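Below is one structure; the comments refer to it alone.
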Amino acid sequence: MATEAIGEIWNSTVREEMVQVQKTRRDFEGDFTIVVFPLLRITKQSPEQTAEVLGRKLEEMSGLIAGTNVIKGFLNISVSHQYWKDLLAGDLRDPLYGRSPVTEDAPQVMIEFSSPNTNKPLHLGHIRNNLLGHSVSKIVEAAGNRVHKVNLVNDRGIHICKSMLAWKEQGNGETPESAGLKGDHLVGRYYVQFDTTYKAQVKELVGQGMSKEEAEAEAPLLKSAREMLRSWEADDPVVRRLWEMMNGWVYAGFDETYKRLGISFHKTYYESDTYKLGRTIVLEGLEKGVLYTREDGSVWADLEAEGLDHKLLLRSDGTSVYMTQDVGTAHQRYEEYRFDSHIYVVGNEQNYHFQVLSIVLKKLGFPWAERLYHLSYGMVELPEGKMKSREGTVVDADDLMDEMEATARQMSEELGKLEEYGEEEKQRIYRQVGMGALKYFILKVDPKKNMTFDPRESVDFNGNTGPFIQYTYARIRSVLRKGADIDKSVASGDLEEKEASLIRMMYEYPETVREAAGTYNPSLIANFLYELTKEFNQFYHDHSILSADKPEQVSMRLLLAEVIGQVIESGMDLLGIEVPKRM
RNA sequence: GGUCCUGUAGCUCAGUUGGACAGAGCAACAGCCUUCUAAGCUGUGGGUCCCAGGUUCGAAUCCUGGCAGGAUCACCA
């Protein structure tokens, strides 16, 4: 509309992007602002004049505009309160507001996340991965795509053999039941056990005069692990049985952790099934001349034209490497799903890998290579530095969740809330609040950034946190319970500025969801929710809802509260966070 | 050394396609619970947006060059 107005006044055509419409900043009056600086070349007038003239024209043209004001080169437009009221009584009441329907022929998005190793329990880094993957799946789905969540379990290899070996030699038949431990923790313990014994052996060999490198390669324990891997690959039934048993323990443990985190997958792939994939494709590429062979028989891709190095694709013994497998699984998944895009949620330490993967697939002639997207996230660091499993400085996922819930309980008891509720309901609320704090803390940060996590202080329950948003939601539920018999359909009181501002904020929700889906960035939604919640809290503080002056005003404010509750619920759902009805 | 990412208040982080005096929370200090939940609200203090150039009416944002931190460059996954 603004473009038309400009056309009429100054008799020239302007392109859409020359007219910048944005949200008016808080300290100025108005809802939307047009920045007129780009238009000056057309208008040949001062910024103030241009804005004045344009403002008057727009007021004439549209009944929705209640007024305009000009400050420097900024034309602030106030939208009529009637417009906001209509929005409140209309679109905003839809529980699916902000979400696009997923149709039969909607684009298909495949998203791979979690991807754990079966030799140790999940830690804080995995939590970030899992939460991101889960939330992005929800967001992408809310934007109208068909989403397939998949997990690729790294269940084979020398590292798995290490814990198997340690258990075999020193485990005395211990099981999760006999040890009273989650299976993944038990297996993780043997992985550490291996490392300890291995280091002792290396030290001893060095003491006997061996060089460190030599000792590391010659330590009998490592040799046994290699031997075990060979037996595994040769399908040795004894080794396979041990492998299946111990992996079974780990899966049971992971399932528990996943359940607690609230995440799930449509399909799980296992590397033991896929590790040979990709070989055929690579050999075809070799025939086509896209790849080359070295003297020893190994197969390589030359990526120097792309500014990268040479990359190994098949070992000299003809076996696959990680890259080869990923080429294979991507191909397999494309054949299976014909995905329109494929997101890999993997830490930024693998940026190079995914850069290469995409190039190699393109070289091999797959047009869908461009549809792969690496959602790369930063590391989670502790105040004292990086987490190192060998130094015991990892934050275990299960322990962390325990702590969060315990803190939620302690907090709640100190505040003396929930006293009249049953133990079961209390438990549920502690869980929701504790997990809400954890999830929100991680998701509110831009994925690509490294973040520091202080288990003692960082995860707070005040301020820009999950519990703050949950708390606001609980208050909304409370006021709705008390006003349950008030008719919300007669909502027609006058809108105060703060109320209009809340509606305007919600007006931006759908765009925020779209943007978050386009950039795979849940933090946009988290920060949006915080802004909205904070604004509502302020409103709630100095405006009474149930005892407003006029009945229609009570009705309107209740409706407003209800709608905000819905948006919070919807947004938190996209983050994978539950909202308690009371807390 | 090559490539990629990051650098904003004491700390943890926001900052929309370049726009108005750079924002929150935590921490510190001062207030507010007989009234819909005080996990809340109000106020005060706190900034060379890493540095230097450039583009622009306008730069935390874009470009170039530095500096600092992180990741990565395996016949590991």
Side-chain angles (χ1 to χ4, degrees), chain A residues 17 20 22-28 33 35 37-38 40-41 47 71-74 76 115 117 154 156-160 271 275 294 296-300 306-309 311-317 319 321-323 325-326 347-353 355-356 376 378-379 381 383 386 408 411-412 414-415 417 433 437 441 444-446 448-454 457-458 460-472 474-483 508 511-512 515 523-524 526-527 530-531 534 537-538 540-548 557-558 561 582-583:
Chain A
E17 60 267 24
Q20 297 179 31
Q22 51 197 250
K23 218 169 37 170
T24 300
R25 288 183 72 107
R26 198 166 295 236
D27 353 286
F28 298 93
T33 296
V35 185
F37 290 107
L40 299 184
R41 260 184 310 182
I71 296 164
K72 291 195 260 177
F74 300 90
N76 298 323
S115 315
N117 288 340
N154 182 351
R156 62 164 287 280
I158 188 79
H159 52 294
I160 310 294
E271 251 182 50
Y275 79 107
R294 284 189 185 171
D296 59 5
S298 56
V299 179
W300 296 73
E306 284 81 9
L308 303 173
D309 299 329
K311 183 73 194 177
L312 176 88
L313 290 174
L314 287 179
R315 295 190 187 99
S316 49
D317 64 4
T319 56
V321 293
Y322 180 43
M323 182 61 67
Q325 290 172 43
D326 260 356
N348 63 9
E349 71 270 15
Q350 293 195 36
N351 285 356
Y352 180 74
H353 173 79
Q355 199 184 346
V356 171
S376 159
M379 313 184 56
E381 287 163 7
K386 265 179 273 185
M411 193 78 124
S412 179
E414 273 172 23
L415 293 169
K417 302 197 173 191
V433 174
F441 182 82
K444 77 172 173 185
V445 180
D446 186 335
K448 70 169 177 276
K449 288 189 174 178
N450 286 359
M451 61 185 293
T452 42
F453 182 94
D454 188 334
E457 296 171 17
S458 283
D460 218 313
F461 289 69
N462 307 311
N464 186 0
T465 64
F468 172 78
I469 296 171
Q470 290 173 317
Y471 169 71
T472 308
R475 290 215 294 201
I476 288 174
R477 297 309 307 176
S478 167
V479 85
L480 289 175
R481 275 194 296 275
K482 295 196 169 137
E508 284 159 24
E511 202 188 312
T512 306
E515 204 182 331
S523 80
L524 299 179
N527 288 298
Y530 177 62
E531 294 296 326
K534 194 180 161 194
N537 251 303
Q538 290 167 357
Y540 191 91
H541 184 258
D542 41 34
H543 295 74
S544 48
I545 291 177
L546 294 174
S547 52
R557 286 181 180 172
L558 266 180
R582 45 175 66 96
M583 66 183 269

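All of these numbers come straight from a predicted model, not from anything done at the bench. Every chain is numbered from 1 and lettered A, B, ... according to where its sequence line falls, protein lines coming before strand lines.
- Residues satisfying the side chain to side chain contact (heavy atoms under 4.5 Å, CB included) test with A/E349, not counting sequence neighbours, are none.
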Base-contact (B) and sugar-phosphate-only (S) positions in nucleotides 29-37 of chain B, heavy-atom cut-off under 4.0 Å, - elsewhere: -------BB
Check the interface with nucleotides 60-64 of chain B: list each N/O to N/O pair with the protein under 3.5 Å, or write none.
none

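- Distance check on atom C1': B/G47 versus B/G15 gives 15 Å, rounded to whole Å.
- If you take CD of A/E381 and P of B/G69, they are 13 Å apart, rounded to a whole angstrom.
- Between the CD atom of A/Q20 and the P atom of B/C57 there is a distance of 14 Å, given to the nearest Å.
- Aromatic stacking of A/F37 on B/G19: satisfied, with centres closer than 5.5 Å and planes within an angle under 30 degrees.
- Comparing B/G19 with B/G58, their P atoms are spaced 14 Å from each other, to the whole Å.
- Between A/Q325 and A/N351, it is A/N351 whose nearest contact on RNA chain B lies nearer the 5' terminus.
- Rounded to the nearest Å, the gap between the P atom of B/G65 and that of B/A24 is 36 Å.
- Base-pair partner of B/U72: B/G2 (Watson-Crick or G-U wobble, both distances under 3.5 Å).
- In this structure, A/R25 reaches the B/G23 phosphate: one of its side-chain N or O atoms is under 4.0 Å from OP1 or OP2.
- Between A/K534 and B/A24 there is no side-chain N or O to OP1 or OP2 distance below 4.0 Å.
- Evaluation of the salt bridge (charged side-chain N to carboxylate O under 4.0 Å, His left out) rule for A/K23 yields A/E508 as partners, not counting sequence neighbours.
- Listed nucleotides B/C26, B/A39, B/C5 differ in distance to A/K448; the shortest reach to its side chain belongs to B/C5.
- A distance of about 32 Å separates the C1' atoms of B/A52 and B/G45, rounded to the whole Å.
- A/E349 has its CD atom 6 Å from the P atom of B/U72, to the nearest Å.
- Backbone-only engagement by A/Y352 is indicated by non-hydrogen atom pairs under 4.0 Å involving sugar-phosphate atoms exclusively.
- By the side chain to side chain contact (heavy atoms under 4.5 Å, CB included) test, A/N527 is found to be paired with A/N464, A/S523, residues two or more places apart in sequence or in another chain being considered.
- A/Y322 and A/H353 have parallel rings, their planes meeting at less than 30° on a 0 to 90° scale where 60° marks the start of perpendicular.
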CA sep, side-chain torsions, deciding dist, call: A/S376, A/N351, side-chain hydrogen bond (donor to acceptor under 3.5 Å, both in side chains): CA-CA 7 Å; A/S376 159; A/N351 285 356; 2.9 Å; yes
When you compare the protein's N or O atoms with those of nucleotides 13-16 of chain B, which come within less than 3.5 Å of each other, and at what distance?
| residue | atom | partner | partner atom | Å |
| --- | --- | --- | --- | --- |
| B/C13 | OP1 | A/T452 | N | 2.8 |
| B/A14 | OP1 | A/D446 | N | 2.6 |
| B/A14 | OP2 | A/K449 | NZ | 2.9 |

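- Between the CE atom of A/M323 and the P atom of B/U72 there is a distance of 15 Å, rounded to whole Å.
- Between B/U37 and B/C32, the distance separating the two C1' atoms is 16 Å to the nearest Å.
- Shown here are the ring pair (Phe, Tyr, Trp, His ring centres under 6.0 Å) partners of A/Y352, two or more places apart in sequence or in another chain: there are none.
- Here B/A20 presents its P atom at 12 Å from CD1 of A/I71, a figure rounded to the nearest Å.
- Within the shown strands, nothing qualifies as a pairing partner of B/A9 under the Watson-Crick or G-U definition with both distances less than 3.5 Å.
- In this structure, A/Y471 has its ring center at least 6.0 angstrom away from the ring center of A/F461.
- Taking the side chain of A/S412 as heavy atoms from C-beta on, and the options B/A39, B/C4, B/G19, the nearest nucleotide is B/A39.
- Residue contacts for A/P38: at a heavy-atom cut-off of 4.0 Å it reaches a base atom on one of the strands shown.
- Residues passing the ring pair (Phe, Tyr, Trp, His ring centres under 6.0 Å) test with A/Y530, sequence neighbours excluded: A/F468.
- Proximity note for A/Q350 (side chain, C-beta onward) versus B/G19, B/U6, B/A77: the nearest is B/A77.
- Between A/T472 and A/N537, the side chains place a donor N or O and an acceptor N or O closer than 3.5 Å (distance only, hydrogens not considered).
- Across all strands shown, B/A28 forms a Watson-Crick or G-U wobble pair, both distances under 3.5 Å, with B/U44.
- Using P as the reference atom, B/A14 and B/C73 are 27 Å apart when rounded to the nearest Å.
- Judged as a ring pair (Phe, Tyr, Trp, His ring centres under 6.0 Å), and not counting sequence neighbours, the contacts of A/Y275 are A/W232.
- Out of B/A77, B/G23, B/C41, the shortest distance to the side chain of A/Q538 is found at B/C41.
- Taking the O4'-C1'-N9-C4 or O4'-C1'-N1-C2 dihedral as appropriate, B/C67 has a value more than 90° from 0 and is therefore anti.
- Here the separation of B/C41 from B/U35, taken at their C1' atoms, is 15 Å to the nearest Å.
- Remark: B/C49 base-pairs with no nucleotide in the shown strands. Criterion, Watson-Crick or G-U wobble with two distances under 3.5 Å.
- In this structure, B/U55 forms no base pair with any nucleotide, since neither Watson-Crick nor G-U wobble geometry is met with both distances under 3.5 Å.
- Base pairing analysis places B/U37 opposite nothing; no Watson-Crick or G-U wobble pair with both distances below 3.5 Å involves it.
- Within the 4.0 angstrom heavy-atom criterion, no nucleotide atom of any strand lies near A/T472.
- Applying the Watson-Crick and G-U wobble criteria (two distances, each under 3.5 Å), B/A22 pairs with nothing in any strand.
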Worked check of side-chain hydrogen bond (donor to acceptor under 3.5 Å, both in side chains) between A/S298 and A/R294: CA-CA 6 Å; A/S298 56; A/R294 284 189 185 171; 5.3 Å; no
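- When the C1' atom of B/C4 is taken as reference, atom CD of A/E306 falls 16 Å away, rounded to whole Å.
- Applying the side chain to side chain contact (heavy atoms under 4.5 Å, CB included) test to A/N117 and every residue at least two apart in sequence or in another chain returns A/N119, A/K120, A/N154, A/H159.
- No engagement by A/D326 is indicated, since no non-hydrogen atom pair under 4.0 Å with the nucleic acid exists.
- With sequence neighbours excluded, the residues forming a side chain to side chain contact (heavy atoms under 4.5 Å, CB included) with A/T24 are A/F28, A/T33, A/N76, listed by chain and number.
- One atom, NE2 of A/H353, and another, C1' of B/A74, lie 14 Å apart when rounded to the nearest Å.
- Here the separation of B/C5 from B/G18, taken at their C1' atoms, is 22 Å to the nearest Å.
- Taking for each of A/A408 and A/F28 the nucleotide of RNA chain B with the nearest heavy atom, the 5'-most of the two is the partner of A/F28.
- The CD-P distance, from A/Q22 to B/G58, rounds to 18 Å in whole Å.
- Listed for the A/N450 side chain is a donor-acceptor partner under 3.5 Å among the backbone atoms of A/M379.
- Side-chain atoms of A/N76 and base atoms of B/A20 include a donor and an acceptor less than 3.5 Å apart.
- Partners of A/R582 under the salt bridge (charged side-chain N to carboxylate O under 4.0 Å, His left out) rule, at least two apart in sequence or in another chain, are A/E425.
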